[in-house]
Amino acid sequence: MKLFPVIASGAAIVSLAACSTAPVEPRALTNDVWTVDSDGSELSYVTIKAGDIAEANTFETVTGSVSADGAASIEIDLASVSTGVDIRDERMRDVLFVVADNPTATVTAQIDPAAFETLGLGASTVQTLDGTVSIKGVEAPFQTEVTVTRAGADRVLAVSNTPVILDAGRFELTDGLAQLQELAGLPSISPAVPVTFALTFER
């Protein structure tokens, strides 16, 4: 006669255990501030010299955030430029960017938070990003497609699908580029620079 209550009680425990281990959907990505994880991010560019010699370079320090309303601001530490050659790094810092007077480049953009509201864990979405790049106080617009992936409950990865082509002339860097060319004894350095990025954001 006591067997049924015991079975019922056991079933209730199993049911509660099953409920407690059910996956919990993480909260939406919206209505929060997201900060760049500099160690988990990469910003790269390619220089082309002497007509057909391409070299990959990076900036090792990138910081920034995206506000709850979607205002994105990214800062690139120009002194963190890394070309793989010490003297070239020094010339980039001192001759081209003049980091003593212009320590950072800034990227700004406005993102629609609603586009990411239902993004689930492991899911991705492709968005067109319109923004502005500022180098040495000179601004120029850019546009690129970005794949945004929710890598964790509080972690998002934004990767450029195609390079952003920046022209040194738009940022009044041609004089500095000419000096670099002369110092390196090169016949040419292309003013067009393809830039790619993979930025990790944390809530």
Keeping Arg203 on the side-chain end and Ala153 on the backbone end, is there a donor-acceptor pair under 3.5 Å? yes
Within residues 61-88 or reaching into it, pairs that qualify as salt bridge (Lys or Arg N to Asp or Glu O under 4.0 Å) - sequence neighbours excluded: Glu55-Arg88
Transitively linked via ILVMFWY side-chain contacts under 4.5 Å: Leu166 with Ile48? no
According to side-chain contact (heavy atoms from CB on, under 4.5 Å), who are the partners of [X], at least two apart in sequence or on a separate chain?
{"X": "Thr200", "answer": "Asp37, Ser41, Arg155, Leu157"}
{"X": "Glu90", "answer": "Ile87, Arg93, Asp94"}
{"X": "Ser73", "answer": "Thr106, Thr108"}
{"X": "Ala28", "answer": "Thr30, Glu117"}

Donor-acceptor list for residues 58-66 side chains, cut-off 3.5 Å, not counting sequence neighbours:
none

Restricting to non-hydrogen atoms, name the atom on Ile165 and the atom on Ala192 that form the minimum distance, rounded to 0.1 Å. CG2-CB, 4.2 Å
Counting only pairs under 3.5 Å, give me each side-chain donor-acceptor contact of residues 173-187, with atom names and distances, residues two or more places apart or in other chains.
from: Gln181; atom 1: NE2; to: Leu186; atom 2: O; distance (Å): 3.3
from: Gln181; atom 1: NE2; to: Pro187; atom 2: O; distance (Å): 3.0

By the rule that ILVMFWY residues connect when side-chain heavy atoms come within less than 4.5 angstrom, directly or transitively, which residues belong alongside Val126? none
Which residues pass the side-chain hydrogen bond (donor to acceptor under 3.5 Å, both in side chains) test with Ser124, not counting sequence neighbours? Thr149
With a cut-off of 3.5 Å and sequence neighbours excluded, list every side-chain donor-acceptor pair involving residues 134-145.
from: Lys136; atom 1: NZ; to: Leu96; atom 2: O; distance (Å): 3.3
from: Gln143; atom 1: NE2; to: Asp130; atom 2: OD1; distance (Å): 2.6
from: Thr144; atom 1: OG1; to: Thr162; atom 2: O; distance (Å): 3.2

Partner residues of Phe197 under the ring-ring contact (aromatic ring centres under 6.0 Å, His included) criterion, sequence neighbours left out: none
Set of salt bridge (charged side-chain N to carboxylate O under 4.0 Å, His left out) partners for Asp89, sequence neighbours left out: none
